[in-house]
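Heads up, the thing below is written out as structure tokens.
Residues take their numbers from the sequence shown, with the count starting at 1. Everything numeric in this text was worked out from a predicted model, so none of it was measured. Only this structure's heavy atoms are used, side chains among them; waters, hydrogens and symmetry mates stay out.
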Amino acid sequence: MDNKHEILELLRAVAAGKTAPEDALLELKTEPFADLGYAKVDFHRGVRQGAAEVIYGASKTAEQILGIVQAMGARSCRNILITRMDQGKADVLTQAGVDLEYHADARLGIALPGPRPALGSIVVCTGGTSDQPVAEEAALTAEAMGNKVTRLYDVGVAGLHRLLSNLEPLMSARCVIAVAGMEGALASVVGGLVDCPVVAVPTSVGYGASFGGLSALLAMLNSCASGCSVVNIDNGFGAGYLASMINQMEGLEER
């Protein structure tokens, strides 16, 4: 039992007299984390935050990632996100029999994929095609967390008509993720058009004076458009996660 919806159903069953309180207590007493020695897998993350623990794959060995996935799978976790994972590590998981959706461009894997809803509306837009790997990390993260995602790629300010020809999905979104490198102007432009939160993602795309994304980061932090928040350079995952939380806020009316 790793998410609040399952616990709520259990409590409703107790209230309805379908489940004995003793049986419910036994289920809730299950250890909230597993100590694997090299990692303590947090099974109650979904209960507290609404989404299961995400595995950061860049500094872990393939064997460590496999162990964490297997521990989570044993507790019926599904749609387990593994970020910053290379092809070699993905191959190890697949060879070990793990059902894995791997997206090489985003360096992101979804282990033990299962049904997931497509709620609300999140738009992911990019300044250029070179920003797409970061944008895909954001989009895939949001989709894995149960959100409907619309992609608008290569709609940057160098050709503003490309963005303006896509006003309908932008205007109907609950949250927009704006991914851009170079001078990072896309976030300000989008922020001035929509009535929903904008999550700005600076990327490391650009020439020398962009300083590996620092120029775009500072530009987005200094945006004059209200309603823009900024995540770290190339942090597509963080943007997708935040956009999902915004999109699925309870009580937000359907658009």
I'd like to know if the side chain of [X] reaches the main chain of [Y], judged simply by a donor and an acceptor atom lying under 3.5 Å from each other, with no hydrogens or angles considered.
X    : Y    : value
K18  : V14  : no
E136 : A106 : no
K89  : E63  : no
N79  : A144 : no
D131 : G128 : yes

Exercise. Where do V155 and N166 land on the side chain to side chain contact (heavy atoms under 4.5 Å, CB included) test, with the steps shown first?
Worked result: CA-CA 9 Å; V155 292; N166 289 282; 4.2 Å; yes
Treating Ile, Leu, Val, Met, Phe, Trp and Tyr as nodes and any side-chain heavy-atom pair under 4.5 angstrom as an edge, say whether [X] and [Y] lie in one connected cluster.
X    : Y    : answer
V198 : M171 : yes
M220 : V189 : no
L160 : V123 : yes
I122 : V134 : yes
L167 : V157 : yes

Would you call [X] and [Y] a side-chain contact if the rule is heavy atoms closer than 4.5 Å?
X    : Y    : result
V201 : V230 : no
N235 : I233 : no
T94  : Y102 : no
I82  : I65  : yes
T83  : R107 : no
L81  : I55  : no
T61  : Q64  : yes
L112 : C77  : no

For the residue pair [X] and [Y], confirm or rule out a side-chain donor-acceptor distance under 3.5 Å.
X    : Y    : value
S223 : S188 : yes
D91  : Q87  : yes
T203 : D234 : no
N147 : Q248 : yes

Just verifying a value: how many Å separate [X] [atom1] and [Y] [atom2], rounded to the nearest 0.5 Å?
X    : Y    : atom1 : atom2 : answer
I246 : I177 : CD1   : CD1   : 8.5 Å
S121 : R174 : OG    : CZ    : 8.5 Å
S172 : D195 : OG    : CG    : 9.5 Å
C175 : L242 : SG    : CG    : 6.5 Å
E183 : L186 : CD    : CG    : 9.0 Å

Closest non-hydrogen atom pair between [X] and [Y], with its separation:
X    : Y    : value
N247 : G120 : OD1-CA, 3.4 Å
G184 : A180 : CA-CB, 4.1 Å
C228 : G191 : SG-CA, 4.1 Å
V124 : Y153 : O-CE2, 3.8 Å
R162 : G156 : NH2-O, 3.2 Å
A135 : T126 : CB-CG2, 3.3 Å

Exercise. Does M182 sit in a hydrophobic cluster with other residues, and if so which ones, taking ILVMFWY side chains as linked at heavy-atom separations under 4.5 Å, directly or through other members?
Worked result: Y207
Problem set entry | E137 and its side-chain hydrogen bond (donor to acceptor under 3.5 Å, both in side chains) partner, picked from R84, H103, Q132 | R84
For this session: Mind running side chain to side chain contact (heavy atoms under 4.5 Å, CB included) on I80 and I110 for me, showing each step along the way?
Result: CA-CA 5 Å; I80 303 166; I110 304 171; over 6 Å; no
Exercise. Can E101 and R78 be counted as an ion pair, charged N to O under 4.0 angstrom?
Worked result: no
For this session: Answer yes when R151 and E143 have at least one side-chain N-carboxylate O distance shorter than 4.0 Å, and no when they do not.
Result: yes
For this session: I would like to know whether V199 and V231 meet side chain to side chain contact (heavy atoms under 4.5 Å, CB included); could you show each step before the answer?
Result: CA-CA 7 Å; V199 181; V231 298; 4.0 Å; yes
For this session: Assess whether side chain to side chain contact (heavy atoms under 4.5 Å, CB included) is satisfied between V176 and L170, documenting all intermediate values.
Result: CA-CA 7 Å; V176 177; L170 286 167; 4.1 Å; yes
